[in-house]
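Residue numbering restarts at 1 for every chain, and letters A, B, ... go by the order of the sequence lines.
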Amino acid sequence: MPELPEVETIKETLRPQLRGRVITGAELRLPRLLKIPEPDVFITLLKDKEIRDLSRRGKYLLVHLSDSHHLVFHLGMTGQLLYFPGNAPICKHTHLIFDLHNEHQLCFRDMRTFGKVYLVAVNELNLIRGLSTLGPEPLGPKFTPAYLTKALSGRRAAIKAILLNQKVLAGLGNIYGDESLFKAGIHPTRRASSLAGDEILSLHRAIGEVLTAGIRHRGTSFRDYVDGEGKSGHFQEHLAVYGRYQKPCLRCGTSLERTRVVGRSSVYCPRCQPL
DNA sequence: AGTCAAACCTGGGCGC
DNA sequence: TGCGCCCAGGTTTGAC
């Protein structure tokens, strides 16, 4: 599941490879992944565009092209973007292939096809609904304890649900959400408005620390994630709760429990994260 | 307006 | 060996 640290790592590994490359053509093998524009327009628009830079916003990866267009990817659950020399190995989950001027290829693979691709002019980025409604970057200056306090006030929903809401905060998913709540000692089903001031401070700090550690370890390769060069991350070796249901808590030894919040499983320590 | 459940999708693991 | 079932979950959509 590519969340913020995974997309950040993909961006960083692809940037030195893609900067300055010219796209000579593209093959779209699964058209339904392309949301904007129509496939023929997409192919025409891409041709001969130069890749100027790459950036990330939440879980979205943006490829800045010449002529003020952005190629935007959301990797869904199992999406991968891979840079290959020469002819890339085409597996059945390769849905989009970009040919580059240096005889290399950029491939978009996605087993479960939850990923999305867009090509829009810079002044039309607001057409991408999920991107334009994103909340602040959790590692950016706008994500302050005061912002989090305001975002949680009056909210009856579970704190875990709020953390997964991309309109509140951009880039957290199930892995880093669970890890942040454990680090802050907060039960995932706690009503958001019930958090005390010191708990909000603790959660704010935990989110920053968990995401920073995730990036430092080049992401979490729990199932499918690899970076732009096909390499796995290492944060799965440092997970405290995610994927550790019924295993002993690393802090107190209590068997970890699991609950469901807005349709997603949440693993937590009943002792370190009391209700 | 806020909240939740269902739908989209495929492979892995399980019981029988 | 193979079938049916459940699970994983980011986002959108529709219902209440």
How close or far is atom [atom2] of [N] from atom [atom1] of [X], stated in whole angstroms?
{"X": "A/Q80", "N": "B/dT10", "atom1": "CD", "atom2": "C1'", "answer": "14 Å"}
{"X": "A/L4", "N": "C/dG10", "atom1": "CG", "atom2": "P", "answer": "13 Å"}
{"X": "A/R260", "N": "B/dA6", "atom1": "CZ", "atom2": "P", "answer": "11 Å"}
{"X": "A/K35", "N": "B/dC8", "atom1": "NZ", "atom2": "C1'", "answer": "9 Å"}
{"X": "A/Y242", "N": "C/dA8", "atom1": "OH", "atom2": "P", "answer": "8 Å"}
{"X": "A/E3", "N": "C/dA8", "atom1": "CD", "atom2": "C1'", "answer": "13 Å"}
{"X": "A/L33", "N": "C/dG10", "atom1": "CG", "atom2": "C1'", "answer": "14 Å"}
{"X": "A/M111", "N": "B/dG12", "atom1": "CE", "atom2": "P", "answer": "7 Å"}

Would you tell me if any nitrogen or oxygen in the side chain of [X] comes within less than 4.0 Å of OP1 or OP2 on [N]?
{"X": "A/Y176", "N": "C/dG9", "answer": "no"}
{"X": "A/R112", "N": "B/dA7", "answer": "no"}
{"X": "A/T113", "N": "B/dC8", "answer": "no"}

Between [X] and [Y], does at least one N-O distance fall below 4.0 Å, as a salt bridge requires?
{"X": "A/K183", "Y": "A/E209", "result": "yes"}
{"X": "A/E137", "Y": "A/R57", "result": "yes"}
{"X": "A/E12", "Y": "A/R218", "result": "no"}

Practice task
Specify the residue among A/G154 and A/H93 whose closest nucleotide of DNA chain B lies further upstream toward the 5′ end.
Solution key: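 It is A/G154 whose nearest nucleotide is closer to the 5' end.
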
Practice task
By nearest nucleotide on DNA chain B, pick out whichever of A/R156 and A/K92 is the more 5' one.
Solution key: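 This one resolves to A/R156.
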
Exercise for the section: May I ask you to say what A/T78 touches in the nucleic acid, namely base, sugar-phosphate or nothing, with a heavy-atom cut-off under 4.0 Å? Expected result: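 No contact.
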
Practice task
Taking A/T78 for its side chain and A/R112 for its backbone only, find out whether a donor-acceptor pair lies under 3.5 Å.
Solution key: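 Looks like yes, one N/O pair under 3.5 Å.
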
Exercise for the section: Five pairs at each end of the helix from B/dG2-C/dC16 to B/dC16-C/dG2: take the axis at both ends and give me the angle between them to 10°. Expected result: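 Comparing the axis at each end, I get an angle of 50°.
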
Under a 4.5 Å cut-off applied to non-hydrogen side-chain atoms, are [X] and [Y] in contact?
{"X": "A/H64", "Y": "A/S55", "answer": "yes"}
{"X": "A/T220", "Y": "A/Y225", "answer": "no"}
{"X": "A/D48", "Y": "A/I23", "answer": "no"}

Problem - Among B/dT3, C/dA8, B/dC9, the one nearest A/F114 by side-chain distance - result: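 For A/F114, the side-chain atoms sit closest to B/dC9.
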
Handout entry: From B/dC4, B/dT3, B/dT10, nucleotide with atom closest to A/R155 side chain
Key =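 That would be B/dT3.
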
Which pairs, protein N/O on one side and nucleotides 11-13 of chain C N/O on the other, fall under 3.5 Å?
unit_1 : atom_1 : unit_2 : atom_2 : d
C/dT11 : OP1    : A/H74  : NE2    : 2.3
C/dT11 : OP2    : A/K59  : NZ     : 3.4
C/dT11 : O4     : A/R264 : NH2    : 3.2
C/dT12 : OP1    : A/G130 : N      : 3.3

Practice task
Could you tell me whether A/F108 and A/F73 have their ring centroids closer than 6.0 angstrom?
Solution key: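 Yes.
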
Practice task
Run the ring-centre check on A/F143 versus A/H204 and record whether the distance is less than 6.0 Å.
Solution key: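 Yes, they do, as the ring centres are separated by less than 6.0 Å.
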
Handout entry: Members sharing A/V226's hydrophobic cluster (side chains within less than 4.5 Å)
Key =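 Under the 4.5 Å side-chain rule, A/V226 groups with A/L82, A/F84.
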
